[in-house]
Q: 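Below is the structure I would like to discuss, written out as structure tokens.
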2 protein chains.
Amino acid sequence: MSRSVLIIEDDPRIRRMLQMTLQREGLEVTEAGSGEEALEHLAEHTFDVILLDLMLPGKDGFEVCREIRKTSSTPVIMVTARSDSHDVVAGLEAGADDYVSKPFVVKELSARIRALARRTRAPEPRVRLTVGDLEVSPTEGTVTRGGEMLNLTRTEFRLLTELAAEPGRVLSREELLERVWGYDYFGDSRLVDVHVRRLRKKIEPDPANPTLVTTVRGMGYRVPG
Amino acid sequence: MSRSVLIIEDDPRIRRMLQMTLQREGLEVTEAGSGEEALEHLAEHTFDVILLDLMLPGKDGFEVCREIRKTSSTPVIMVTARSDSHDVVAGLEAGADDYVSKPFVVKELSARIRALARRTRAPEPRVRLTVGDLEVSPTEGTVTRGGEMLNLTRTEFRLLTELAAEPGRVLSREELLERVWGYDYFGDSRLVDVHVRRLRKKIEPDPANPTLVTTVRGMGYRVPG
DNA sequence: GCGCTGTGTGACAAGTTCGTGACCGGCGGA
DNA sequence: TCCGCCGGTCACGAACTTGTCACACAGCGC
């Protein structure tokens with residue numbers, strides 16, 4: 001799963017280095033050269049983690065951190081020049097969640113970002129969806145019928161989850177593409193058909209006469225409410 | 001092996017700083033903001049070491065220490081503001097095992113915790129997990145089948161424990177990496193595969209057709225619920 | 001019936017994921 | 001010191017997934 005990171009760092013060289021290396025690690029990176037710019041970004045998007053350099057011109061990192069905390073609970077990783085315990089305590093007081101001291105190992109940094117993103121992400125409630133006689137558990141990643149686990153692929157599973165989350169509602173191919181494949185997927189929408197078929201093959205008692213995932217001609221698919 | 005520490009400290013800043021730095025030293029940290037809260041934690045878990053700040057609101061550290069001693073023999077490290085010999089003597093009298101004065105060096109603190117934990121490791125409550133016909137005892141570090149003990153390595157054991165702790169749930173490689181290897185591990189996630197294989201070789205009746213630790217392709221591993 | 005559009009079906013190639021054996025370095029015990 | 005165990009890495013092949021295609025088929029308006 002891709003995590004989004006906001007980097008707040010005034011030195012453009014370091015910023016670019018971070019941007020490239022973290023991107024290579026599979027993270028979505030947004031850059032800000034100042035606290036003001038950062039707050040603008042935060043007004044528009046939410047991020048999984050914020051990476052904040054202490055040494056900023058104008059407002060210093062602590063102040064930026066406090067301002068961020070006023071409007072957002074996004075976890076903040078402070079980047080300190082040296083691991084000065086005074087800075088650390090001040091950073092924590094300002095609302096930071098973790099800190100890293102320069103020079104840092106990129107791998108370590110990205111691991112921390114991931115860990116923090118995972119840890120502070122709202123604990124997923126244990127949801128149980130039902131589709132006919134199927135039990136779908138999004139958090140456990142399982143689909144069972146009568147206690148027996150069905151072997152779905154990741155795509156099939158997501159497809160079923162999206163449909164099951166809104167029973168009765170017809171989801172268009174475009175909607176499903178966006179939800180299952182992501183908004184940056186530009187392929188054929190027939191792709192959905194193929195996966196619906198594969199899904200049916202596994203979950204429908206009679207795949208030729210589907211009852212769990214039904215077709216609404218000209219509209220899309222749905223699971224009966 | 002990881003040691004568990006209970007921090008009793010009213011200042012949230014210092015508490016968080018301690019929590020994070022000690023965690024980074026590989027210690028499992030639980031926090032308590034007051035003596036009452038600490039006693040609640042102690043009723044539920046056992047810890048290897050208790051880190052107790054003298055300057056607590058309400059009951060002072062000495063009193064908390066005496067109360068702890070009524071029910072538990074877990075070693076206590078007192079944290080004093082200054083190395084006042086009067087405080088030290090009173091602390092030892094109250095049942096503390098060691099003392100550290102502020103400001104302390106984190107490395108030193110973690111070294112003392114380790115030393116004390118090693119010296120007086122308390123017998124932990126027994127927890128039993130089962131995986132198929134296996135009995136897993138996380139506290140004793142043993143896995144048995146029909147009374148016969150299996151010879152797992154530390155890594156294999158922890159891997160099995162993490163999976164067994166949440167039967168039915170699929171744990172991703174990333175999750176397993178974080179839980180077994182720690183979130184500061186930056187290696188290949190294929191490492192998990194290799195250890196799963198080694199684990200299977202030892203616990204599965206037929207390692208080629210695993211039933212105790214099963215693969216969920218594209219997701220991770222699980223032990224059937 | 002006819003044509004059009006939308007959907008189901010089987011096949012296929014490329015890519016991904018996973019299991020496996022092998023290797024190497026570090027560490028501790030004999 | 002040597003030896004064996006353990007943990008981490010690698011390369012390879014098998015199995016599986018996935019996106020795409022061509023074609024068949026069904027519904028619908030005419």
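Protein chains get the first letters and strands the later ones, always in sequence-line order, with residue 1 at the start of each. Just so it is clear, the values below take in all heavy atoms, side chains as well, and ignore hydrogens, waters and symmetry mates.
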Q: Hey, is the side chain of A:Thr153 poking within less than 4.0 Å of OP1 or OP2 on D:dT18, counting only N and O atoms?
A: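 Affirmative; the distance criterion is met.
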Q: Within less than 4.0 Å of OP1 or OP2 of C:dT17, is there a side-chain N or O belonging to B:Tyr221?
A: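 It does not, given that no N or O in the side chain of B:Tyr221 lies less than 4.0 Å from OP1 or OP2 of C:dT17.
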Q: For C:dT17, does OP1 or OP2 lie under 4.0 Å from any side-chain N or O of B:Thr215?
A: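 No, outside the criterion.
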Q: Return the 5'-most residue of the pair B:Lys202, A:Arg217 with respect to DNA chain D, ranking by each residue's nearest nucleotide.
A: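 Counting from the 5' end, the first nearest nucleotide belongs to B:Lys202.
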Q: Mind calculating the distance between CG (A:Leu199) and P (D:dT18) to the nearest angstrom?
A: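 Distance, rounded to whole Å: 12 Å.
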Q: Report yes if a donor N or O on one partner sits less than 3.5 Å from an acceptor N or O on the other, where the partners are the side chain of B:Arg190 and the base of C:dG19; otherwise report no.
A: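 Such a pair is found, so the answer is yes.
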Q: Side-chain N or O of A:Arg173 less than 4.0 angstrom from OP1 or OP2 on C:dT7?
A: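 A:Arg173 to C:dT7 OP1/OP2: side-chain N or O found under 4.0 Å.
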Q: Take atom CZ of A:Arg158 and atom P of D:dT17, then tell me their distance rounded to the nearest Å.
A: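 Rounded to whole Å, this separation is 14 Å.
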Q: Where each residue is assigned the nucleotide of DNA chain D containing its nearest heavy atom, which of B:His195 and A:Val194 is assigned the position nearer the 5′ end?
A: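 Checking each residue's closest nucleotide, the 5'-ward one belongs to B:His195.
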Q: For A:Gly218 and B:Pro210, find the nucleotide of DNA chain C closest to each by heavy atoms; which residue's nucleotide sits nearer the 5' end?
A: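 By nearest-heavy-atom nucleotide position, the 5'-most residue is A:Gly218.
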Q: Evaluate whether atom CZ of A:Arg145 has more than 12 neighbouring non-hydrogen atoms of other residues, nucleotides or ligands under 6.0 angstrom away.
A: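 Atom CZ in A:Arg145 is packed in, count exceeds 12.
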Q: Any side-chain N or O of B:Trp181 less than 4.0 Å from the OP1 or OP2 oxygen of D:dG7?
A: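 False: B:Trp181 side-chain N/O out of range (4.0 Å or more) of D:dG7 OP1/OP2.
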Q: When you match A:Val196 and B:Val216 each to their closest nucleotide on DNA chain C, which lands nearer the 5' end?
A: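 Nearest-nucleotide comparison on DNA chain C picks A:Val196.
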Q: Report yes if a side-chain nitrogen or oxygen of A:Arg200 is closer than 4.0 Å to either non-bridging phosphate oxygen (OP1 or OP2) of C:dG8; otherwise report no.
A: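 Yes, such a contact exists.
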Q: Taking CG from A:Leu191 and C1' from C:dT7, how many angstroms apart are they, rounded to a whole number?
A: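 After rounding, the gap between these two atoms is 14 Å.
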Q: Salt-bridge test for B:Arg158 and B:Glu162: reply yes if a basic N is under 4.0 Å from a carboxylate O, no otherwise.
A: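 Here B:Arg158 does not pair with B:Glu162 in a salt bridge, since their nearest N and O are not under 4.0 Å apart.
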Q: Is it true that atom CG of A:Asn151 has more than 12 heavy atoms of other residues, nucleotides or ligands lying nearer than 6.0 Å?
A: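 It does not: A:Asn151 CG has 12 such atoms or fewer within range.
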Q: Rounded to the Å, how far apart are A:Arg154 CZ and C:dG15 P?
A: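 Answer to the nearest Å: 17 Å.
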Q: Can you confirm whether the side chains of B:Thr215 and B:Arg200 place a donor and an acceptor under 3.5 Å from each other?
A: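 Judged by distance alone, the side chains do pair up.
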Q: Among C:dG21, C:dG19, D:dG7, which nucleotide sits nearest the side chain of B:Thr155?
A: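 My answer, after comparing the listed nucleotides, is D:dG7.
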Q: Which whole-number value in Å describes the distance from B:Arg197 CZ to D:dG7 C1'?
A: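 So the CZ-C1' distance, B:Arg197 to D:dG7, works out to 13 Å.
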Q: Is B:Arg198 side chain donor-acceptor paired with the D:dG8 base, going by distance under 3.5 Å alone?
A: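 Per atom types, the contact qualifies.
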Q: Tell me the interatomic distance from B:Glu156, atom CD, to D:dG7, atom C1', rounded to whole angstroms.
A: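 Answer to the nearest Å: 10 Å.
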Q: Against A:Arg15, only a single residue in A:Glu31, A:Glu9, A:Glu37 fulfils salt bridge (Lys or Arg N to Asp or Glu O under 4.0 Å); can you say which?
A: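 Among A:Glu31, A:Glu9, A:Glu37, the one that satisfies the salt bridge (Lys or Arg N to Asp or Glu O under 4.0 Å) with A:Arg15 is A:Glu31.
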Q: Tell me the interatomic distance from A:Asp206, atom CG, to C:dG8, atom C1', rounded to whole angstroms.
A: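 Distance check: A:Asp206 CG to C:dG8 C1' gives 13 Å.
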Q: Quick one: do B:Glu156 and B:Arg197 make a salt bridge, cutoff under 4.0 Å?
A: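 Looking at B:Glu156 and B:Arg197, the cut-off is not met.
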Q: Just how far, in rounded Å, is P of D:dT18 from CG of A:Leu177?
A: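 Rounded to the whole Å, the gap is 14 Å.
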